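Remember, it's a predicted structure, so these values are computed and weren't measured experimentally.
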Amino acid sequence: MLEITVYGPLRAATGEKHVELAFEGGTVADALDAFVEAHPRARPQLFDDGGLRPSVRVTVDGERADPEDPCPMSASMTLHPAVQGGQS
């Protein structure tokens, strides 16, 4: 079971700060796909037309992770969604 802690507007998509996800293991990208399948309202916070939004931060077991990094099924993941920036 993958334990996921979500921040910001992702909580509206999940209804909880901490969620568990049935996940067989694979890559971070696989875990994100499974997360969005379980919580479709999270997709716009995590992805745009080009894939994972550049400002999304993902950690696995406390370490920053990229989509191609491994994600074991018993991992702990955190998701920090894209943030809206101000004017520059």
Side-chain angles (χ1 to χ4, degrees):
M1 193 68 67
L2 180 63
E3 295 180 11
I4 304 173
T5 302
V6 298
Y7 291 92
L10 284 176
R11 287 178 72 174
T14 62
E16 304 279 339
K17 183 173 182 176
H18 304 282
V19 296
E20 290 187 345
L21 184 66
F23 179 66
E24 297 296 320
T27 65
V28 169
D30 296 332
L32 292 173
D33 288 344
F35 176 76
V36 168
E37 185 175 319
H39 303 283
R41 291 177 42 207
R43 179 174 295 282
Q45 298 297 322
L46 299 174
F47 296 96
D48 60 18
D49 292 336
L52 188 65
R53 291 178 175 270
S55 61
V56 171
R57 287 190 341 227
V58 179
T59 67
V60 174
D61 293 332
E63 298 292 325
R64 182 100 185 234
D66 292 320
E68 65 276 0
D69 290 340
C71 184
M73 66 181 178
S74 61
S76 176
M77 175 183 276
T78 62
L79 297 176
H80 298 267
V83 260
Q84 299 293 329
Q87 294 181 348
S88 19

Task: side chain to side chain contact (heavy atoms under 4.5 Å, CB included) evaluation trace for H18 with E3 - done: CA-CA 7 Å; H18 304 282; E3 295 180 11; over 6 Å; no

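- Interatomic distance, L79 CG to Q45 CD, rounded to the nearest 0.5 Å: 11.5 Å.
- For the pair C71 and L2, the tightest heavy-atom approach, listed with the atom from each and the gap, is SG-CD1, 3.9 Å.
- Closest approach of P72 and V60 over heavy atoms only: CD-CG1, 4.4 Å.
- Between the side chain of D30 and the main chain of T27, a donor-acceptor pair closer than 3.5 Å is present.
- In this structure, the side chains of V58 and L46 stay at 4.5 Å or more apart for every pair of heavy atoms.
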Task: CA sep, side-chain torsions, deciding dist, call: T78, T5, side chain to side chain donor-acceptor pair (under 3.5 Å) - done: CA-CA 5 Å; T78 62; T5 302; over 6 Å; no

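- Contact record, L21 with A31: CD2-O, 4.0 Å, taken as the closest heavy-atom pair.
- The distance from atom CZ of F23 to atom CD1 of I4, rounded to the nearest 0.5 Å, is 8.5 Å.
- More than 12 heavy atoms of other residues, nucleotides or ligands shown are found within 6.0 angstrom of CD on E68.
- For the pair S76 and D61, the minimum side-chain heavy-atom distance is below 4.5 Å.
- Side-chain contact between D66 and L52 is absent, with no heavy-atom pair separated by less than 4.5 Å.
- Looking at heavy atoms from C-beta onward, M77 lies in side-chain contact with V28 at the 4.5 angstrom threshold.
- Looking at L32 and F47, their side chains come closer than 4.5 Å, going by heavy atoms from C-beta outward.
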